[in-house]
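Read through the structure below, which is laid out as structure tokens, and then see the notes.
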Amino acid sequence: MSTSPSPTTVPEARARIDEINERVVELLAERQAIVDALCELKADADRTVRDPEREAELLAHVRSVADEAGLPPTLAETLFEEILAHSVERQRRQRADGAAGPSAEESSAEEPAEKATGAVSTCGAQA
């Protein structure tokens, strides 16, 4: 996958890892901005927060891509479960001031963490 030659020293390897880490963070920030836009779109369309079918598709796709790339699928799935959880929490915070409360559909579809906090947004977490 990499087009760069393999590092030949520890400092070179660490510098490359630092560069990759920065790119990962930049991509996460880009993803977060798109999730924020999706949040607004779903709120405007009166869509619920959670979409279990979409989440399952996303995680299956991530596992498949990881497997093809030689990365353990469980690692990729675990990372994306955390990313999804962060997206839900961020959107809850964003919508808390403007949300009038969950609809009956959202209340029945809440995840345990949403029930525990009592906060449910009207926008989606999946991207």
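Just so it is clear, the structure is predicted and the values come from calculations on it, not from any experiment.
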Rounded distance (nearest 0.5 Å) linking atom [atom1] of [X] with atom [atom2] of [Y]:
{"X": "R63", "Y": "D67", "atom1": "CZ", "atom2": "CG", "answer": "8.0 Å"}
{"X": "L59", "Y": "R54", "atom1": "CG", "atom2": "CZ", "answer": "9.5 Å"}
{"X": "T78", "Y": "I83", "atom1": "OG1", "atom2": "CD1", "answer": "11.0 Å"}
{"X": "L79", "Y": "L71", "atom1": "CG", "atom2": "CG", "answer": "8.0 Å"}

Which atom pair, heavy atoms only, marks the closest approach of [X] to [Y]?
{"X": "V62", "Y": "E77", "answer": "CG1-N, 4.3 Å"}
{"X": "P5", "Y": "R16", "answer": "O-NH1, 2.7 Å"}
{"X": "A66", "Y": "A76", "answer": "CB-CB, 3.5 Å"}
{"X": "P7", "Y": "E12", "answer": "CA-OE2, 3.0 Å"}
{"X": "R31", "Y": "S87", "answer": "NH1-OG, 3.5 Å"}

> Does the side chain of L84 come within less than 4.5 Å of E55's, by heavy atoms?
Replying inline: yes
>> By the definition side chain to side chain contact (heavy atoms under 4.5 Å, CB included), identify the one residue from E81, Q91, Q32 that meets it with H86.
In response: Q32
>> With clusters defined by side-chain heavy atoms of hydrophobic residues (ILVMFWY) lying less than 4.5 Å apart, directly or transitively, does L28 cluster with L58?
In response: yes
